[in-house]
Visitor: 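Once you've had a glance at the structure underneath, I'll fire off some questions.
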Amino acid sequence: MHTELPSGEDYISDLPQSIIETILTKLPLRDAVRTSILSNKWRFSLSTGYLQGSPDVDQWLLFLSRKDVKELVLELGDGEWFRAPSCLFACKKLVRLELVRCELDPPLSFKGFLNLKHLNLQQVLIAPDAVENLISCCPLLESLTLSYFDSLELTIHAPNLKYLILEGEFKDICLENTPMLVAISVAMYMTDMTDDIAEHFGQSSSCNFDKFLGGVPSLEKLSGHIYFTKYMSVGNTLGKTQITYKRLKVIELYQVSFEDMKEVTVVLRLILNAPNLQELQISGSSNPSPATETPDLDFWEKECPCDCAFKRLKIVKMTDVSGVPHEMGFIEFLLGNSPVLEIMSITPSVYVTEGRVNMLIELLRLKRASAEAEIIFVQDQV
């Protein structure tokens, strides 16, 4: 019995993405691309199962550039690199573009992807001015990921950008026109560990804190990974820009050195200007360096307003705690000024072996502004 299917119905697009990709891998390259064009819901994501080097990439992209493709994800397997052909920049309808391990050289005639909302570049070789121009020429850009870039000084102009992920050996980052940003995640690497960290990021005449976080009033979540607070502490001042992050609810900072008072000041400035902060997670430096000067034990009383209160802070998680004076002072400061705090979780550093009992005793003696605050001391981390 033969059953007629209603004309115009697209049954294949309703299949799971994994099944669609399996179907496409069974077709010759040109037929796979032609078949994919039948549905604008399909995601173009090809690997070496399809593409055997640059000629196939060029042929495939040339065909797609004529078909108003909206979503393009291109990664060759087994660590293979490719050079993106100029026809890529003719895909004017792109809404999402993800490129992995490629060389990108936009032509001088390129005026931008005017519909692009999501851009993800991982291990992409591109000139610094070209990547800045690419970003600024995407006026609708909402999500930007740049991963594994080396020695890049970056200025970002993206008025509609909401989500930013940066991971790599960045020398400098400036957010000049990003008022809509709601989530930022940054990890700053150093390939040469013999470099002086401050010199690596440059002795700027301006304040890195202001350049990076001075114009993001809509920020809701900030994740700063390795060397982030160190980078933020570089500059001639930490107090020029007075901005209140009214929407900032979650702050995650990793490998903070509580021996470096400039880094401590960065942390303090962030939380004091986030009146609606609900969750704070901080990890200390796993191998803290010796203090270069005698700790100022009155730092918290002098630097913090007497009426300071974190009225919405409910969860604090501190990991890699080494128990240095300013780290313990910071914990005491939070406990004493967080009236609705529910959980203060403390995980000591693996390097702290003999002083854990004393650390716990000291923590339990600290005054708490919240009667509901529970101190959880995690000892089983290996």
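Positions are given from 1, in the same order as the sequence printed here. Hydrogens, waters and symmetry mates play no part in the numbers below; they use all other heavy atoms, side chains included.
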Visitor: Under 3.5 Å, which donor-acceptor pairs do the side chains of residues 105-113 form with other protein atoms, sequence neighbours left out?
Guide:
none

Visitor: Atom CG of L270 and atom CD1 of I251: how far apart are they, to the nearest 0.5 Å?
Guide: 5.0 Å
Visitor: I want to check something: taking the side chain as every heavy atom from C-beta on, are Y231 and D172 in contact at a cut-off of under 4.5 Å?
Guide: yes
Visitor: Determine whether P275 and T244 make a side-chain contact, defined as any pair of heavy atoms from C-beta on separated by less than 4.5 Å.
Guide: yes
Visitor: Are the side chain of N337 and the backbone N or O of A369 linked by a donor-acceptor pair below 3.5 Å?
Guide: no
Visitor: Does some side-chain heavy atom of L335 sit less than 4.5 Å from a side-chain heavy atom of I375?
Guide: yes
Visitor: Which atoms form the tightest heavy-atom contact between S283 and Y254, and what is the distance?
Guide: OG-CA, 3.1 Å
Visitor: With the 4.5 Å side-chain cut-off for hydrophobic clustering, are F82 and L104 part of the same group?
Guide: yes
Visitor: Hey, are the side chains of H157 and E176 touching, using non-hydrogen atoms and a 4.5 Å cut-off?
Guide: yes
Visitor: For V321 versus E327, what's the shortest heavy-atom pair and its separation?
Guide: CA-OE2, 3.4 Å
Visitor: With a sphere of 6.0 Å drawn around NZ of K92, does it hold more than 12 non-hydrogen atoms of other residues, nucleotides or ligands?
Guide: yes
Visitor: Indicate if L366 and L364 have the same hydrophobic cluster label, given that clusters are the connected sets of ILVMFWY residues with side-chain heavy-atom separations under 4.5 angstrom.
Guide: yes
Visitor: Any side-chain heavy atom of T229 sitting closer than 4.5 Å to one from D260?
Guide: no
Visitor: Run the ring-centre check on F212 versus F170 and record whether the distance is less than 6.0 Å.
Guide: no
Visitor: For L313 and E279, work out which heavy atoms get closest and say how close.
Guide: CD1-N, 3.9 Å
Visitor: Measuring from M359:CE to I346:CD1, what's the distance to the nearest 0.5 Å?
Guide: 8.5 Å
Visitor: Give the cluster check for V264 versus F209: same hydrophobic cluster or not, with ILVMFWY residues linked at side-chain heavy-atom distances below 4.5 Å.
Guide: yes
Visitor: Where do V69 and C91 come nearest, in terms of heavy atoms and distance?
Guide: CG1-SG, 4.0 Å
Visitor: Less than 4.5 Å apart, any side-chain heavy atom of L175 and any of I184?
Guide: yes
Visitor: Under a 3.5 Å distance rule, please check whether S349 uses its side chain to pair with a backbone N or O of Y351 as donor and acceptor.
Guide: yes
Visitor: Could you tell me the separation between the CD atom of E167 and the OG atom of S185, rounded to the nearest 0.5 Å?
Guide: 8.0 Å
Visitor: So, does E332 use its side chain to make a donor-acceptor pair with the main chain of M328 at under 3.5 Å?
Guide: no
Visitor: Can you name the closest pair of heavy atoms from L181 and Y163 and give their distance?
Guide: CD2-N, 3.8 Å
Visitor: With a 3.5 Å cut-off and sequence neighbours excluded, list the donor-acceptor pairs that the side chains of residues 116-144 form with protein atoms.
Guide:
{"from": "N120", "atom 1": "OD1", "to": "Q122", "atom 2": "NE2", "distance (Å)": "3.2"}
{"from": "E132", "atom 1": "OE2", "to": "T155", "atom 2": "N", "distance (Å)": "2.9"}
{"from": "S136", "atom 1": "OG", "to": "E132", "atom 2": "O", "distance (Å)": "3.2"}
{"from": "S136", "atom 1": "OG", "to": "N133", "atom 2": "O", "distance (Å)": "3.0"}

Visitor: Rounded to the nearest 0.5 Å, what separates atom CZ in R312 from atom CG in N276?
Guide: 4.5 Å
Visitor: Should the pair E263-K230 be classified as a salt bridge under the 4.0 Å nitrogen-to-oxygen rule?
Guide: yes
Visitor: Do Y245 and L277 make a side-chain contact, defined as non-hydrogen atoms from C-beta onward lying under 4.5 Å apart?
Guide: no
Visitor: Is the side chain of S370 donor-acceptor paired with the backbone N or O of L341 at a distance under 3.5 Å, no angle test?
Guide: yes
Visitor: So among V266, L222, L248, which one has a side-chain contact (heavy atoms from CB on, under 4.5 Å) with L213?
Guide: L222
Visitor: Roughly how far, to the nearest 0.5 Å, is the CD1 atom of I243 from the CG atom of N273?
Guide: 8.5 Å
Visitor: What closest approach, in Å, do F149 and L146 show between heavy atoms, and which atom pair accounts for it?
Guide: CE1-CB, 3.8 Å
Visitor: Can you check whether I271 reaches F333 side chain to side chain, under 4.5 Å on heavy atoms?
Guide: yes
Visitor: Hey, does the side chain of D68 reach the backbone of K93 with a donor-acceptor pair shorter than 3.5 angstrom?
Guide: no
Visitor: Between I315 and M318, is there a shared hydrophobic cluster once you connect ILVMFWY residues whose side-chain heavy atoms come closer than 4.5 Å?
Guide: no
Visitor: Going by an N to O cut-off under 4.0 Å, is there a salt bridge joining R101 and E75?
Guide: yes
Visitor: Rounded at 0.5 Å granularity, tell me how far OG in S223 sits from CG in L164.
Guide: 11.0 Å
Visitor: Below 30° counts as parallel, above 60° as perpendicular, anything between as tilted: where do the rings of F258 and F330 land?
Guide: tilted
Visitor: Determine whether L334 and L280 satisfy the following criterion, side chain to side chain contact (heavy atoms under 4.5 Å, CB included), listing intermediate values before the conclusion.
Guide: CA-CA 10 Å; L334 291 177; L280 177 64; 3.9 Å; yes
Visitor: Run the side chain to side chain contact (heavy atoms under 4.5 Å, CB included) check on R247 and V182 step by step: do they pass?
Guide: CA-CA 8 Å; R247 301 181 183 179; V182 298; 5.5 Å; no
Visitor: Do V357 and V378 share a hydrophobic cluster (ILVMFWY, side-chain heavy atoms under 4.5 Å, transitive)?
Guide: no
Visitor: Mark yes when over 12 heavy atoms from residues, nucleotides or ligands other than F377 sit less than 6.0 Å from its CZ; otherwise mark no.
Guide: yes
